[in-house]
Amino acid sequence: MRTTRSQAKNEPSRRQVIVTALGSGFALAVRPVSAATITTGAEGIVGGEVKIPVGGESIPAYRAMPEGKPKGKGFPVILVVQEIFGVHEHIKDVCRRFAKQGYFAVAPELYARQGDVSQMSDPKEIMTKVVSKVPDAQVMGDLDAVIPWAKGTGAADVSKVAIIGFCWGGRIVWLYSAHNPNLRAGVAFYGRIVGDKDPLHPQQPIDIVQSVKTPVLGLYGGQDQGIPVATVEQMQKALAASSNKAARASEFKIYPDAGHAFFADYRPSYRKEAADDAWPRALAFLKKHGAG
């Protein structure tokens, strides 16, 4: 049967993968990197690029996990969702940090069908030419595909799956928490809550409060100019007032003196005090909800 142009638009999994390998180092748009950049060593872990089968093709991803055979069913799984800059060195390092904590961490390149942002120097160009063209449905499907792949490795316990995301990925955490009924927990670092909608992005997090299927920890900066505290408080109140048990179990922490991307140690936006509090808080939240 012939596929029409309108049908193809609604079937993102059929788009051709054009980015088949991850870039190395940091994305061009974030260089030079800060002297405060954290680099997690590979001692005691296994890390590197992998391929995730999706819809007859494969997308690249970074995977990190502890060395040795996992006990019991395997290592708990954490999906690590990128910022607008793709799966560059910072996101890979976050995966290694999780591996050091005993997780099977996977960061799929979720722009693989739309373009390579690693060599773009202008964040506005990244947003208009690539990120804005990534359908939410495609992202949900790609994240779903990681789970059976992880199970097939024999090293992952897919009964314990959680998700964490930063900036663009923070918004995705909220959406995925309403999409996957088997998710244990989510952590959203400064993910947008309200915003414009279009056919590729039909909902924002504020729209899915009643559909949330797992608790989410929201970590936000009080000085974030792109995500006003008022919108965070709006989401917090909506979740607390919901009849949805998972929604009511969600938590928030707002760091008054931090702005956007306060966890991004490779950028001038990094705020060590807030980041140092947020990391153990995130780990404790995951374990509290059975994801660690």
*Under a single-linkage definition using a 4.5 Å side-chain heavy-atom cutoff for Ile, Leu, Val, Met, Phe, Trp and Tyr, are Y255 and I227 assigned to the same hydrophobic cluster?*
yes
*Hey, what's the ring geometry for W149 with F104, parallel, tilted or perpendicular (30° and 60° as the breaks)?*
tilted
*Is a donor on one side and an acceptor on the other found under 3.5 Å between the side chain of S242 and the backbone of A238?*
no
*Answer yes or no: is there an ion pair linking D136 with R171, defined by an N-O contact shorter than 4.0 Å?*
yes
*Check against side-chain contact (heavy atoms from CB on, under 4.5 Å), N182 and V158*: CA-CA 9 Å; N182 299 314; V158 296; over 6 Å; no
I'd like a table of donor-acceptor pairs (distance under 3.5 Å, sequence neighbours excluded) in which one partner is a side-chain atom from residues 66-80, with atom names and distances.
none

*Indicate yes or no for a side-chain donor-acceptor contact from Q101 to the backbone of Y103 under 3.5 Å, with no hydrogens or angles considered.*
no
*asked:* Is the ring pair F263/F189 parallel, tilted or perpendicular, if the boundaries are 30 and 60 degrees?
replied: tilted
*Under 3.5 Å, is there a donor-acceptor pair between the E251 and Q236 side chains?*
no
*Whether F26 and Y266 hold their rings parallel, tilted or perpendicular, with breakpoints at 30° and 60°*: tilted
*Between Q223 and H260, is a side chain to side chain donor-acceptor pair (under 3.5 Å) present by the stated rule, with each step listed?*
CA-CA 7 Å; Q223 302 301 314; H260 192 70; over 6 Å; no
*Is the backbone of G290 close enough, under 3.5 Å, to the side chain of R184 for a donor and an acceptor to pair up by distance?*
yes
_Quick test of your reading of the model: are R97 and D265 salt-bridged, counting only N-O distances below 4.0 Å?_
yes
_Apply side-chain contact (heavy atoms from CB on, under 4.5 Å) to residues V117 and Y111 and explain how you reach the verdict._
CA-CA 8 Å; V117 300; Y111 308 156; 3.8 Å; yes
*Determine, for E89 against R96, whether the closest basic-nitrogen to carboxylate-oxygen distance falls under 4.0 angstrom.*
yes
*Looking at A258 and F262, what are the two nearest heavy atoms and their distance?*
CB-CB, 3.8 Å
*Side chains of D93 and H90: do they bring a donor and an acceptor to under 3.5 Å?*
no
*Any donor-acceptor pair under 3.5 Å from K213 side chain to A178 backbone*: yes
*Show your working on side-chain contact (heavy atoms from CB on, under 4.5 Å) between I193 and Q204 and close with a plain yes or no.*
CA-CA 6 Å; I193 289 168; Q204 295 295 345; over 6 Å; no
*Would you please say whether a donor-acceptor pair under 3.5 Å links the side chains of Y176 and D144?*
yes
_Within this structure, what is the CD1-CD1 distance for the pair I126 and I84, rounded to the nearest 0.5 Å?_
5.0 Å
*Using a strict cut-off of less than 4.0 Å between a Lys/Arg side-chain nitrogen and an Asp/Glu carboxylate oxygen, indicate whether D224 and R192 qualify as a salt bridge.*
no
*Under the 3.5 angstrom rule, does the side chain of Y220 hit a backbone N or O of G191 as a donor-acceptor pair?*
yes
*Heavy atoms only: give me the nearest R267-S34 pair and the separation to one decimal.*
N-CB, 4.1 Å
*May I have the step-by-step check of side-chain contact (heavy atoms from CB on, under 4.5 Å) for W168 and V131, ending in yes or no?*
CA-CA 9 Å; W168 179 85; V131 179; 3.4 Å; yes
*Nearest 0.5 Å, what's the CD-CE distance between Q138 and M140?*
10.5 Å
*Decide, yes or no, whether a salt bridge links K100 with E43 under the criterion of side-chain N to carboxylate O below 4.0 Å.*
yes
